[in-house]
Enquirer: 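What follows is a single structure, and I will ask about it in a moment.
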Amino acid sequence: MDILRTPAEMTAWSGARADRGRRIALVPTMGYFHEGHLRLMRMARRHADRVVVSLFVNPTQFAPGEDLDRYPRNSERDIRLAGREGVDALFMPDAGAMYPQGFQTVVSVEGLSRHLCGASRPGHFAGVTTVVCKLFHIVRPHCAVFGEKDFQQLAVIRRMVRDLDMGIEILGHPIVREPDGLAMSSRNTYLDDALRPSALSLYSAIGLARQLAAGGMVSEPELRRRVRAHIESFPETEIDYVAFVNEQSLEAADPVDEATVLALAVRVGGRVRLIDNGRLFP
Ligand code: PAF
């Protein structure tokens with residue numbers, strides 16, 4: 001596996017492979033790999049001849065006071081795991097290489113970034129789209145793989161790719177869960193055993209909403225009330241949002257229907273912000 005640290009090295013690496021007709025897949029990550037990341041790498045492998053994984057904890061998508069400094073990192077372990085997965089290149093730039101002195105460009109998707117996480121994390125999606133746009137220009141992949149846990153991020157990136165005619169195929173990988181149902185996330189390392197039942201309230205809330213909808217409850221306010229009451233029945237949960245939205249527009253869905261996704265963000269134990277989502281009629 002080649003490890004590349006500057007945009008110029010990465011672009012040269014990709015260019016040489018693309019010139020030989022190789023199809024390149026990119027898996028953008030912030031590292032601290034878990035099984036969810038490894039599945040993204042395997043999906044990338046199924047869709048391309050060469051797999052590039054980027055590992056960069058992007059400072060511009062964290063607001064002041066968020067967890068940038070304590071975000072889990074272990075690059076030695078990540079290198080080992082990516083190598084074992086047969087990744088061809090790992091792109092590990094530092095912040096200075098990605099945002100050199102004088103950097104002042106922002107790529108922003110207006111409408112879709114305003115909802116859900118965008119409302120509670122102002123500036124977050126502009127940070128994401130700017131860095132993903134840069135990664136696309138640096139790596140020049142034919143396709144890129146993202147997890148569906150970050151459901152809004154995936155919608156925003158698809159919109160950016162369409163709007164800017166980037167010509168990159170965007171592949172979504174279904175949420176990978178722990179055996180107890182918790183959606184895998186690098187941030188799960190912040191959870192201790194005592195918080196686990198509260199963390200699981202997101203997954204069980206999706207199950208409850210599906211059950212209610214299958215039983216004929218299609219009123220959004222009623223479903224939202226039931227889901228909120230369920231999550232709030234667990235200790236140390238603080239709801240950021242419970243939203244039933246159209247999977248394309250991310251606008252509120254009322255009544256809910258086949259195209260509705262339940263999206264959740266809940267702070268657990270005061271400090272761990274978890275997100276999860278699921279189609280209401282899977
Ligand atoms: O999903 C993530 O890990 C990040 O938001 C991404 C896409 C790698 C951009 O920094």
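Hydrogens, waters and symmetry mates are skipped; everything else that's a heavy atom, side chains included, is used. Ligands are counted one by one from 1 in listed order, and the atoms in each one are counted from 1 as well. Treat the numbers as computed from the prediction; the structure is a model and nothing was measured.
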Enquirer: In ligand 1, which numbered atoms sit nearer than 4.0 Å to a non-hydrogen atom of Val131?
Expert: 9 (C), 10 (O)
Enquirer: Could you see if Ile79 belongs to whatever hydrophobic cluster contains Val53? Use Ile, Leu, Val, Met, Phe, Trp, Tyr and a side-chain cutoff under 4.5 Å.
Expert: yes
Enquirer: Look at atom 5 (O) of ligand 1 and say which protein heavy atom is nearest, naming residue and atom and giving the distance to 0.1 Å.
Expert: Gln153 OE1, 2.7 Å
Enquirer: Is there a donor in the side chain of Ser75 and an acceptor in the side chain of Asp78, or the other way round, less than 3.5 Å apart?
Expert: no
Enquirer: Is there a donor in the side chain of Ser120 and an acceptor in the side chain of Tyr241, or the other way round, less than 3.5 Å apart?
Expert: no
Enquirer: Short list, please: which atoms of ligand 1 are under 4.0 Å from a heavy atom of Thr29?
Expert: 8 (C)
Enquirer: Would you find more than 12 non-hydrogen atoms of other residues, nucleotides or ligands less than 6.0 Å from Arg226 atom CZ?
Expert: no
Enquirer: Would you mind running through ligand 1 and noting each atom that sits below 4.0 Å from a heavy atom of Pro28?
Expert: 8 (C)
Enquirer: Salt bridge between Asp180 and Arg196, side-chain N to carboxylate O under 4.0 Å?
Expert: yes
Enquirer: To the nearest 0.5 Å, how far apart are CZ in Arg158 and CG in Asp163?
Expert: 13.5 Å
Enquirer: May I ask you to identify the nearest protein heavy atom to atom 3 (O) of ligand 1, giving residue, atom name and distance to one decimal place in Å?
Expert: Met30 CG, 3.6 Å
Enquirer: Under 3.5 Å between any N/O of Asn58 and any N/O of ligand 1: does that happen in this structure?
Expert: no
Enquirer: Would you say Gln61 and ligand 1 have an N/O pair spaced under 3.5 Å apart?
Expert: yes
